[in-house]
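Step one of this worksheet: look at the structure below.
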Amino acid sequence: MKQTYEDRDSLRRVIAVVVLTSLAITSIALVACGGDESTSESTTGAASGAPAVSDPWVRAAARGNNSAAYMTITGGAEADAVVAAELPEGTATEVQLHQSSSTGGMDGGEMDSMMEMKQVAEIPIPAGGSVALEPGGYHIMIIGLTTDLSAGQKLPVTLTFSSGDRSTIEAEVRTG
Amino acid sequence: MLAVAALLAGCAGEQRAEPFAGYSRTPIRTVAAVSVPAVGGDGDDSFVAQPGGLRLVYFGFTSCPDVCPTTLSDLRRGLAELAPEERSRVGVDVVTVDPARDQPEVLDDYASSFIEDATSHRSDDPEVLRTAVDSFGANYRITVDSNGDPEVAHSGALYVVDDAGLVVLAWPFGIPAASIASDLERLLAGERPSDLSRSGGDHPQAE
Ligand SMILES: [Cu+2]
């Protein structure tokens, strides 16, 4: 039994290393692909311990509606946070950091729980860990689309971290 | 490991049906008398399914960018897994909990952008909406944040109503599309969560 657990642990470690390595590579590749002035402020890179972003996507929605952006952000050696997100001009009226969470009631009880959504000042990224921006949790809230977001499109999302670093990633628009 | 295996074997030995992915309530809720006006006028105001069919009812709002689209997209994918005959017996209803901002056309466009044949429901009368929400065991709350913008909280569940107006199952937020499909297939075949069935070999409940 003990042997099995140890094997599993070391396997997990190997997987984690592979995932982290591929995250770092992806992030470098994405930053490199950005190639416009919005990334020039970025001083990120795995070497500086800046957060790496993986699997960024934005929900397809029509002009006038709201949408949300999701991704996984893996931190460097020190704790960090996303303090702002921006989209290219002409995409939306406003972009905010949000968190959805469950509140009140109990599913199957007298009254079911509710989902609520609040604006947050920052999305914390734990040191050496990662934070998932995912449906029902943290997300980048896109308010009042001034253009259609259709599946397959790429949308640059610029994140500002508490360190002051900025990084622009290309998020894929999906029907979600 | 051995203990777990034994437990699992024990469960199988009881010959209980595999549980549904969704949850059910005891006593079961009825929404047979509940209605919220259907947008467009050609839809059914009530939530009772056609004979042998099911209605899937969701309480949401159109400026919801995260929770509602997630569930409605997963629902669309779940419905796509059904055989055409099964799919034809399932109706989808979207009820807005934010009628002040969700004008009829906006609401209808939103609902049908996820599920083409969805019926949207909307009432300006808060009592009509509250009665409907309560009957399902759902909930919603609209408050104003520090910027003066409305903040809407609402149950993330999807409710399944049968042809007698009984809420036979509910799926919580985050239910995978595949679970929606497999629960629907069983419900459409006439199976019900074991705590709801009055026949079928279950021991009579003491309470
Ligand atoms: Cu939001």
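Naming convention: chains lettered A, B, ... in sequence-line order (proteins, then strands); numbering from 1 in each chain.
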### Message
Using modelled atom types and a 3.5 Å cut-off, is there a donor and acceptor pairing between side-chain atoms of B/Ser155 and backbone atoms of A/Ser113?
### Response
yes
### Message
Under the rule for side chain to side chain contact (heavy atoms under 4.5 Å, CB included), what residues qualify as partners of B/Pro172, not counting sequence neighbours?
### Response
A/Asp107, B/Tyr23, B/Ile175
### Message
With chain B as the partner, which of A/Ala68, A/Gly144, A/Gly136 has the greatest number of non-hydrogen pairs under 4.5 Å?
### Response
A/Gly136
### Task
Can you see which heavy atom on B/Phe173 is nearest to which on A/Met115, and at what distance?
CD2-CE, 3.9 Å
### Query
Nearest heavy-atom pair of B/Ser73 and A/Arg59: which atoms, and what distance?
OG-NH1, 4.0 Å
### Message
Is A/Glu134 in contact with chain B via its backbone, its side chain, both, or neither, using a 4.5 Å heavy-atom distance?
### Response
backbone
### Task
Under 4.5 Å, heavy atom to heavy atom: which of residues 141-152 of chain B reach chain A? Give them by number, or say none.
B/Arg141, B/Asn147, B/Glu151, B/Val152
### Task
Might you point out which heavy atoms bring A/Pro135 and B/Thr70 nearest each other, and give the distance in Å?
CB-OG1, 3.2 Å
### Query
What heavy-atom pair brings B/Pro65 and A/Ser67 nearest, and what distance separates the two atoms?
CB-O, 3.5 Å
### Task
Measure A/Met111 against the heavy atoms of chain B and call it side chain, backbone, both or neither at under 4.5 Å.
both
### Task
Select one option (side chain, backbone, both, neither) describing which atoms of B/Ala157 are under 4.5 Å from chain A's heavy atoms.
side chain
### Task
Could you check B/Tyr159 against A/Asp112 for side-chain hydrogen bond (donor to acceptor under 3.5 Å, both in side chains), going step by step and ending with a plain yes or no?
CA-CA 11 Å; B/Tyr159 300 92; A/Asp112 285 339; 2.5 Å; yes
### Query
For atom CZ of B/Arg101, is the number of surrounding heavy atoms from other residues, nucleotides or ligands below 6.0 Å larger than 12?
yes
### Query
A/Gly109 and B/Arg29: which non-hydrogen atoms are nearest, and at how many Å?
O-NH2, 4.1 Å
### Contact summary for B/Val67 and A/Ser100, nearest pair of heavy atoms
CG2-OG, 4.0 Å
### Task
Please determine, among B/His154, B/Arg77, B/Arg76, the option with the most heavy-atom pairs under 4.5 Å with chain A.
B/His154
### Summary
chain A shares the most heavy-atom pairs under 4.5 Å, among B/Ala170, B/Gly174, B/Ser63, B/Gly156, with B/Ser63
### Message
I need the B/Asp66 CG to A/Met141 CE distance, nearest 0.5 Å.
### Response
8.5 Å
### Task
Go through the atoms of A/Thr175 and report whether side chain, backbone, both or neither lie under 4.5 Å from a heavy atom of chain B.
both
### Query
About how many Å separate CG of A/Asn65 and SG of B/Cys64, when rounded to the nearest 0.5 Å?
11.0 Å
